[in-house]
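In this text the structure is predicted, and so the values were computed from the model without any measurement.
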Amino acid sequence: VTNDRNLLVKGKASGVHSLGLSDDFEKQLRSSFVMTAGSSLRSSCSSRIKQAEAEAGEKPGAAAAAARKALVPRDDLNLRELLDETLNLIHTCLSRFIEEGFKECFGEKEWMSMVAVSPPWSMKDVFKLIKQHWFALDLDHEVQSTVDWVQHVHERHDRGETVPKQTFLMFFEKWVSLFDLLASKSASTCEGERAEMSKVYQKVYQT
């Protein structure tokens, strides 16, 4: 906690949990508490859902499983082509999200001096920036976990390894959720990629 604006900006840019002593300090503190408590709340909700399912005589995760079964993957998936297309979308959307997030946080003039790696960014740069600046970008641990999964698949694909169909489907499902989250945070972040995302989605699932 500091009233030094330069120190506050540097802290946020480095991914350090930083709060400023300002008129909206209480608001910042509340936001900080909500973010920290988020994972605990999700865990609590998950436990309650499992308990409710058990009391109703349903198997754990029955509702989620039913929803997943409604989406039937196509039999003729070209996994390498789909991975190329999906990873290109991820690269574009995450790069734009990082840039917009820094511009919002530090302004049009200062953001370039605060980011650890100057654009244009490679996919590896994007992963590095998200992990290093997750707090400044307002990303929770659940999103970081999804990004870790995406990075794992990207590295395997980049090495020329074959990614199993089930692994790809799990990866794609996580990316769809992350895409929706990014779009909810900033309508312009993935606006240009919505049509392309829809095309890829239709290549993966029977719709």
With rounding to the nearest 0.5 Å, note down the distance linking [atom1] in [X] to [atom2] in [Y].
X	Y	atom1	atom2	result
W134	L129	CH2	CG	15.5 Å
T167	L79	OG1	CG	9.5 Å
F106	W111	CZ	CH2	11.5 Å
E191	E193	CD	CD	9.0 Å
E142	L178	CD	CG	10.0 Å
E100	S95	CD	OG	11.0 Å

* Side-chain donor or acceptor of T86 paired with backbone N/O of L83 under 3.5 Å -> no
* Donor-acceptor contact present, side-chain T92 to main-chain N88, <3.5 Å -> yes
May I ask you to test the [X]-[Y] pair for a side-chain heavy-atom distance under 4.5 Å?
X	Y	value
M197	V176	yes
F172	V153	no
L181	T146	no
V115	E99	no

* Applying side-chain contact (heavy atoms from CB on, under 4.5 Å), run through Y205 and R74 and close with a yes or a no. => CA-CA 5 Å; Y205 296 110; R74 295 185 180 278; 5.9 Å; no
* Evaluation steps, side-chain contact (heavy atoms from CB on, under 4.5 Å), between F171 and I90 -> CA-CA 12 Å; F171 150 80; I90 292 173; 3.8 Å; yes
Quick check: closest heavy atoms across [X] and [Y], and the distance to 0.1 Å?
X	Y	value
I98	I130	CD1-CG1, 3.8 Å
D75	K165	CA-NZ, 4.4 Å
L137	G101	CD2-CA, 4.1 Å
P73	L169	CG-CD1, 3.7 Å
R80	H157	NH1-CE1, 3.1 Å

* Residues that E85 engages under salt bridge (charged side-chain N to carboxylate O under 4.0 Å, His left out), provided they are two or more places apart -> K203
* Asked: Is it true that W175 and F179 have ring centroids separated by less than 6.0 Å?
  -> yes
* E155 atom CD: more than 12 heavy-atom contacts under 6.0 Å -> yes
* Take D148 and K131 through the side-chain contact (heavy atoms from CB on, under 4.5 Å) test and state the conclusion after the steps. => CA-CA 9 Å; D148 285 341; K131 291 181 178 180; 3.0 Å; yes
Give the table of side-chain donor-acceptor pairs shorter than 3.5 Å for residues 117-127, with sequence neighbours excluded, one pair per line with atom names and distance.
from, atom 1, to, atom 2, distance (Å)
W121, NE1, V117, O, 2.6
S122, OG, K124, N, 3.4
S122, OG, D125, N, 3.2
S122, OG, D125, OD2, 3.1
D125, OD2, S122, N, 3.0

* Tell me, with the steps shown, if E81 and D84 meet side-chain contact (heavy atoms from CB on, under 4.5 Å). => CA-CA 5 Å; E81 178 183 306; D84 282 335; 5.6 Å; no
